Amino acid sequence: VVSWTTMVVAYADHGKHEEAKFLFDRMPTRDMVAWNAMIQAYARNGQLEQAKQMFDAMPERNVVSWTSMLQLYASSGHFQGASTMYKSMPERNLVAWNSLISAYGQSGNLETAKATFDSMKERNTISWTAMLQAYAQNGHLEGAKTMFDGMPERDSVSWVIMLQAYAQKGSLESAKKLFQTMPEKNMVSWTAFLSACAESGDLEATKATFDRMPERNVVSWTTMLQAYARAGDLEFARSVFDSMPQRNLVSWTTMLQAYAQEGHVDEAKAL
RNA sequence: UGGCACGCAAAU
């Protein structure tokens, strides 16, 4: 049953929920982990209806099943459904609570998110970061900063979210200062900072950051490409595009959009 | 020692 479940998850990870379901149906035995994995397979591919059917059909449910549904409702914008799930959960754990904070944050319900956070008997870094993000998403820089400063521990995710909070407020300077004090920088934090530079419109800073990066992936390359594109620098944009070690759908779309934006129909078509 | 759920980066 473990091998079968591994296969189901593998298909789900590649967006193939129908194949996942085909395998699931052929499993000789299914335990709760298998059922939960199948719910997640649908959830990851946005199949709310199907996920709900699995949830209703399963012989028994645990806290993972309930939490998965809560998250799915929240991520689909069905906050009422998420709330209903939460209320009907027979048991709750830290993950469930954290998911609820995120759900409230996404729905703009800051007060309730904070009330939830305050009422928790245990919190981990994810709880703090989810609350930090809730403030940031809703434009409350002060609240975000209070969370960030008050956290017992910060990891790279919390740093990145705080950095984005500054960047969203147009404060590249604060973002830069924060980035400089970040203890361990990884590809995501570098790219997040790169993106902050790009969004500020400071092309020099963007290029300088890009050149200083210890390593780059397709996301960082595309961010650099986008920086030139939004500045209307089609030549540079194209040379970045041509130099990229890899391209994906997003990088192609960025290049295409750059041409379209500037009215270069022929190049767009050729691309 | 193996399988499921929570918080981060790029385009539309």
Side-chain angles (χ1 to χ4, degrees), chain A residues 1-10 12-13 20 24 27 30-41 43-44 51 54 58 61-72 74-75 89 92-103 105-106 123-134 136-137 147 151 154-165 167 185-199 206 210 213 216-227 229-230 237 240-241 244 247-258 260-261:
Chain A
V1 64
V2 172
S3 335
W4 283 90
T5 306
T6 305
M7 289 298 295
V8 167
V9 171
D13 283 343
F24 179 82
M27 291 177 72
R30 297 168 199 92
D31 60 10
M32 202 168 348
V33 173
W35 280 90
N36 288 341
M38 195 58 228
I39 289 183
Q40 280 296 316
R44 244 164 294 173
M54 296 300 295
M58 50 196 299
R61 302 163 191 88
N62 66 6
V63 66
V64 176
S65 333
W66 288 92
T67 306
S68 300
M69 289 305 298
L70 188 166
Q71 290 157 1
L72 175 54
S75 67
M89 288 174 79
R92 291 159 194 154
N93 62 13
L94 189 55
V95 174
W97 288 95
N98 290 346
S99 304
L100 193 68
I101 294 178
S102 284
Q106 281 166 357
R123 303 178 189 97
N124 60 11
T125 305
I126 297 188
S127 326
W128 283 88
T129 307
M131 196 59 229
L132 160 61
Q133 183 171 238
Q137 277 171 341
M147 279 296 138
M151 295 177 71
R154 298 166 200 87
D155 64 12
S156 69
V157 178
S158 17
W159 282 91
V160 166
I161 291 173
M162 192 62 230
L163 188 149
Q164 288 174 317
K185 301 174 176 71
N186 59 22
M187 180 98 73
V188 172
S189 47
W190 270 101
T191 308
F193 180 60
L194 182 69
S195 181
C197 296
E199 274 165 35
T206 311
F210 184 76
M213 291 180 72
R216 307 171 186 92
N217 64 6
V218 66
V219 179
S220 13
W221 278 93
T222 305
T223 306
M224 193 62 237
L225 164 60
Q226 168 65 6
R230 59 170 278 162
V240 169
F241 183 77
M244 294 175 70
R247 293 165 204 86
N248 63 13
L249 181 62
V250 176
S251 29
W252 282 92
T253 309
T254 304
M255 192 64 242
L256 197 55
Q257 168 68 13
Q261 193 70 40

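We use all heavy atoms of the structure for the numbers below, so side chains are in, but hydrogens, waters and symmetry mates are not. Keep in mind that what you see is a predicted model, and the values were worked out from it rather than measured. In what follows, chains carry the letters A, B, and so on, assigned in the order in which the sequence lines appear, proteins first and then strands, with residues in each chain numbered from 1.
- Among the atoms of the strands shown, none is found under 4.0 Å from any heavy atom of A:Val8.
- For A:Val219, taking side-chain heavy atoms from C-beta onward, the closest of the listed nucleotides B:C8, B:A10, B:G7 is B:A10.
- The side chain of A:Ala192 sits closest to B:A9 out of B:A9, B:A5, B:G7.
- Remark: the A:Asn93 side chain and the B:A5 base include a donor-acceptor N/O pair separated by less than 3.5 Å.
- Taking CG of A:Asn217 as the start and CH2 of A:Trp190 as the end, the distance is 13.5 Å to the nearest 0.5 Å.
- For A:Ile126, counting side-chain heavy atoms from C-beta on, the closest listed nucleotide (B:C8, B:C6, B:C4) is B:C6.
- Remark: P of B:C6 and CG of A:Asn98 are 11 Å apart, rounded to the nearest angstrom.
- Distance CG (A:Leu72) to P (B:C6): 12 Å, rounded to an integer number of Å.
- Atoms CZ (A:Arg61) and C1' (B:C4) sit 16 Å apart, rounded to a whole Å.
- Taking every side-chain heavy atom of A:Thr253 into account, B:A11 is the closest of B:G3, B:A11, B:A10.
- At distances below 3.5 Å, at least one donor-acceptor pair connects side-chain atoms of A:Arg30 with backbone N or O atoms of A:Phe24.
- Side-chain proximity of A:Gln40 to B:A9, B:A5, B:C6: nearest is B:A5.
- Within 4.0 Å (heavy atoms only), A:Asn62 reaches no atom of the nucleic acid at all.
- Spacing between atom CZ of A:Phe193 and atom P of B:C8 amounts to 21 Å, rounded to whole angstrom units.
- Base engagement by A:Ala34 is indicated by at least one non-hydrogen atom pair under 4.0 Å involving a base atom.
- Within the 4.0 angstrom heavy-atom criterion, no nucleotide atom of any strand lies near A:Ser220.
- Here the side chain of A:Gln257 is nearest to one of B:C8, B:U12, B:C4, namely B:U12.
- Judged by distance alone with a 3.5 Å cut-off, a donor-acceptor contact links the side chain of A:Asp155 to the base of B:G7.
- Regarding A:Ile101, its CD1 atom lies at a distance of 13 Å from the P atom of B:C8, rounded to whole Å.
- Of the possible donor and acceptor atoms, one in the side chain of A:Ser251 sits under 3.5 Å from a partner among the backbone N and O of A:Asn248.
- With B:G7, B:A9, B:G3 as the candidates, the nucleotide lying closest to the side chain of A:Thr129 is B:G7.
- Side-chain N or O atoms of A:Arg92 include none that pairs as donor or acceptor with a backbone N or O of A:Trp97 at under 3.5 Å.
- The two residues A:Met69 and A:Ala51 come nearest to each other via the heavy atoms SD-O, 4.0 Å.
- A:Thr223 comes within contact range of the sugar-phosphate backbone alone, with a heavy-atom separation under 4.0 Å but no base atom that close.
- In this structure, of B:C4, B:G7, B:A5, it is B:C4 that holds the atom nearest to the side chain of A:Asn36.
- Rounded to whole Å, atom P of B:C8 lies 19 Å from atom CE of A:Met187.
- A straight line from CD of A:Gln164 to C1' of B:C8 spans 6 Å, rounded to a whole angstrom.
- Here the side chain of A:Val33 is nearest to one of B:C4, B:C8, B:A10, namely B:C4.
- Side-chain proximity of A:Thr125 to the nucleotides B:A10, B:G3, B:G7 is greatest for B:G7.
- One N or O on the side chain of A:Arg216 and one on the backbone of A:Phe210 form a donor-acceptor pair closer than 3.5 Å.
- With rounding to whole Å, A:Trp128 atom CH2 is found 22 Å from B:C6 atom P.
- The residue A:Ser102 sits close only to the backbone: its heavy atoms come under 4.0 Å of sugar-phosphate atoms, none of a base.
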